[in-house]
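Since the structure comes first, as structure tokens, the remarks are kept for the end.
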Number of protein chains: 2
Amino acid sequence: MAATLRDVARLAEVSIKTVSNVIHDHPNVRDETRARVQSAIEELDYQPNMSARGLRSGRTGAIGLAIPSIRENYFAELADAVIEAADLHGVSVLVSQTNGLREAELDVLSGRRLRLTDGLLFSPASLGQDDRDLLNVRFPLVLLGERMFDGPTDHVTMLNIEAATAAVEHLISRGRRRIALLGVDAERLDEAGSANLRAAGYQLALQQAGIAYDPALVVGPAHWDHDDAAEATRALIRSGAPFDAVFAMNDTLAVGALRALAEARFRVPEDIAIIGFDDIEATRFSIPSLSSVDPGRSQIARLAVERLLHRIEEKNDRQPPQRFTTDFTIVARESTDHPAERSVDG
Amino acid sequence: MAATLRDVARLAEVSIKTVSNVIHDHPNVRDETRARVQSAIEELDYQPNMSARGLRSGRTGAIGLAIPSIRENYFAELADAVIEAADLHGVSVLVSQTNGLREAELDVLSGRRLRLTDGLLFSPASLGQDDRDLLNVRFPLVLLGERMFDGPTDHVTMLNIEAATAAVEHLISRGRRRIALLGVDAERLDEAGSANLRAAGYQLALQQAGIAYDPALVVGPAHWDHDDAAEATRALIRSGAPFDAVFAMNDTLAVGALRALAEARFRVPEDIAIIGFDDIEATRFSIPSLSSVDPGRSQIARLAVERLLHRIEEKNDRQPPQRFTTDFTIVARESTDHPAERSVDG
DNA sequence: GTGAAAGCGCTAACAC
DNA sequence: GTGTTAGCGCTTTCAC
């Protein structure tokens, strides 16, 4: 059986309060006593019972991270950054996957799903702007991503529009004019999430460069996975609409596009330049390597963890919700490292 | 403030014991009483305090998963499978990353790192056969991977030797004879871990096919990442040793090799066939797609979670440690979909 | 079928 | 500086 405070106190011949004082580095313990307690702790290999501490203090020392799927590289890298950041504060991370299902996301918000936690970092994939009120929960919550805005909680998000504009400007700076947008149907530009923001950034960049917007170059899929991206790119190629660059709304899409372009014997970047979004590791190891937008993931994670821990600390004097944005960077790699051979005007 | 059992009991006008009986689906509660309690629970949105339950019952309802890094695709997919499997049992998963550091792995085993858990799934990357005794811990532990064998705990592992043999046989069946082994230095074949087992499988397959073993075709890196894999492959190419196939000890290495081969203008699979190991998602989206060995990851996860929960359940009548192996499959994709154009004999 | 009460291990207010 | 003690919310034994 594991040792308790009582056992340590008995061995060190002090009261449990003194042991507790030693553990919590409280003052008012004589050095000699402290040493005696310390050695008792070591002798018994005493480890505090976190359930008891949690019951008493109302804190578990763990936070929840609810994301669509840890298999998606972006979220794996985000989870890594969150776990690292939490570690620095001595906090553990419980990971819950929603698979993007509304039911699962509601479960998460109900608190039914993650019960040992002091608070939650939540990156929704199904809930949208209309569900904002559901974020009024009884536990500290920090929202991630770009599906809901102006909700009742702190929110950490990237500068989607600005970053997308910069990505498209990067393509334009390489002499590209017929820039396809991969990741959203032209008819659904007004829906929630990163997609429409990035699409807005795309349109803005075109406009600023005096390039006409062509809906024929805007293709799905709604699901951002390799397969659908490859299929959408094939459809774009079949459509016959000429294009000399692709702005993929994330790197997974970009990798799928790369695959479809290779099948169709397009050269990247000579014939088609590509830039993705998220700067996941895969960008560095595709052939060719993929240019991308680094959204400042570790900054997002650090900020989010710090805000959440802050909210957990704060008692009743609750501050109004705040929104935080992170810095982005364009990372130029091989897939855009070539000026257009001839400019194709629309 | 969150509602407690007491609040529910008061509202339903019963004792807390009756509420507890309802919650735990115990018999001996009249239907009418049960209904009254149920509606009180709903009215108050009562949710059991897991710390209190944990303190009382000695169970937290969470398990730990300690892996090197969630960013590595293999571990992300393993974590996904573990979380899914745990979910089926109503158990949460705390993820801890060791980054392959010995210190961190010792921390994990000391129990200092994951304290809210009932048990641990541990996939070591630094600890090896000599550290077997360290696995004698006070909490339920299930070991994953192939760095330690015959330890004092349950162990779930893949059939590395057999699977590696099958992978190499797959290359041989395509007429390949000069098969490079990527992932271990020829001088270090005897060290711990998956590497030497897979190397043994490689040697076995060659032997059975009557192909001479050539240490010049066995190249590092010790770190299984894209960069080092690409570099090792470049070195192999520079060495001038002729080869017509690569068996990469995991898919990450295979992707790195693919990159180096493309740079050197080798065609895959026409000039060089490649097979990897782990069957991560990236295999399906590389160009060409990568053949691989599917190690039965979800089976590993399910087995591991079930064994761990079983160990958590069992009282003092502890069974001896058991070892479990999973089924593997060779998944043939484009990278091996071509018979050798001419056989190069060694 | 239901209730009363002890106690899991810890924290912290209070006493000395 | 150190000790005593109440009580966090729950489970469970035992009584009725």
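In the text below, chain A, chain B and the rest are named by the order of the sequence lines, each starting its count at 1.
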Notebook entry, point to check: Rounded to whole angstrom units, what separation is found between the CG atom of Leu116(B) and the C1' atom of dC10(C)?
Noted result: 14 Å

Item checked: Distance in angstrom units between His24(A) NE2 and dC10(C) P, rounded -> 10 Å

Note to self: Just the rounded figure in Å: distance from C1' of dC8(C) to CE of Met50(A).
What the structure shows: 16 Å

Next item on the list: Can you figure out which of dC10(C), dT2(D), dA4(C) approaches the side chain of Lys17(B) most closely?
Entry: dA4(C)

Item checked: Centroid-centroid under 6.0 Å between His155(B) and Phe324(B) rings -> no

Check: Is there a side-chain polar atom (N or O) of Arg56(A) under 4.0 Å from OP1 or OP2 of dG7(D)?
Finding: no

Item checked: Nucleotide nearest Ser20(B) (side chain, heavy atoms from C-beta), chosen from dG7(D), dT12(D), dA12(C) -> dT12(D)

Margin query: Rounding to an integer number of Å, can you tell me how far Asn21(A) CG sits from dT11(C) P?
Written below: 10 Å

Item checked: Leu78(A), Thr157(A), Ile67(A) screened by side chain to side chain contact (heavy atoms under 4.5 Å, CB included) with Leu144(A), the one that passes -> Leu78(A)

Next item on the list: Pick out which of Ile41(A), Leu44(A), Val19(A) makes a side chain to side chain contact (heavy atoms under 4.5 Å, CB included) with Asp7(A).
Entry: Leu44(A)

Item checked: Closest listed nucleotide, where the reference is the side chain of Thr4(B) and the choices are dC10(D), dG3(C), dT2(C) -> dC10(D)

Margin query: Measuring to OP1 and OP2 of dT2(D), would you say a side-chain N or O of Thr33(A) lies under 4.0 angstrom away?
Written below: yes

Margin query: Under 3.5 Å, is there any donor-acceptor pair linking the side chain of Arg53(B) to the base of dG9(D)?
Written below: no

Note to self: Which is more 5' along DNA chain C, the nucleotide nearest Ile16(B) or the one nearest Leu55(B)? Just name the residue.
What the structure shows: Ile16(B)

Check: To the nearest Å, how far apart are Arg10(A) CZ and dG3(D) P?
Finding: 14 Å

Checklist line | Separation of atom CD in Gln47(B) from atom C1' in dC10(D), rounded to whole Å | finding: 15 Å

Notebook entry, point to check: Out of dT13(D), dT2(C), dT11(D), which nucleotide sits closest to the side chain of Leu5(B)?
Noted result: dT11(D)

Margin query: I want to check one thing: is the phosphate of dG3(D), taken as OP1 and OP2, less than 4.0 Å away from some side-chain N or O of Thr18(A)?
Written below: yes

Checklist line | Arg34(A) side chain to Thr18(A) backbone, donor-acceptor under 3.5 Å | finding: no

Notebook entry, point to check: Rounded to whole angstroms, how far apart are NE2 on His26(B) and C1' on dT12(D)?
Noted result: 9 Å

Check: Which whole-number value in Å describes the distance from Asp31(A) CG to dT2(D) P?
Finding: 10 Å

Next item on the list: Step by step, work out the side chain to side chain contact (heavy atoms under 4.5 Å, CB included) result for Asn49(A) and Leu55(B).
Entry: CA-CA 8 Å; Asn49(A) 177 317; Leu55(B) 174 58; 4.3 Å; yes

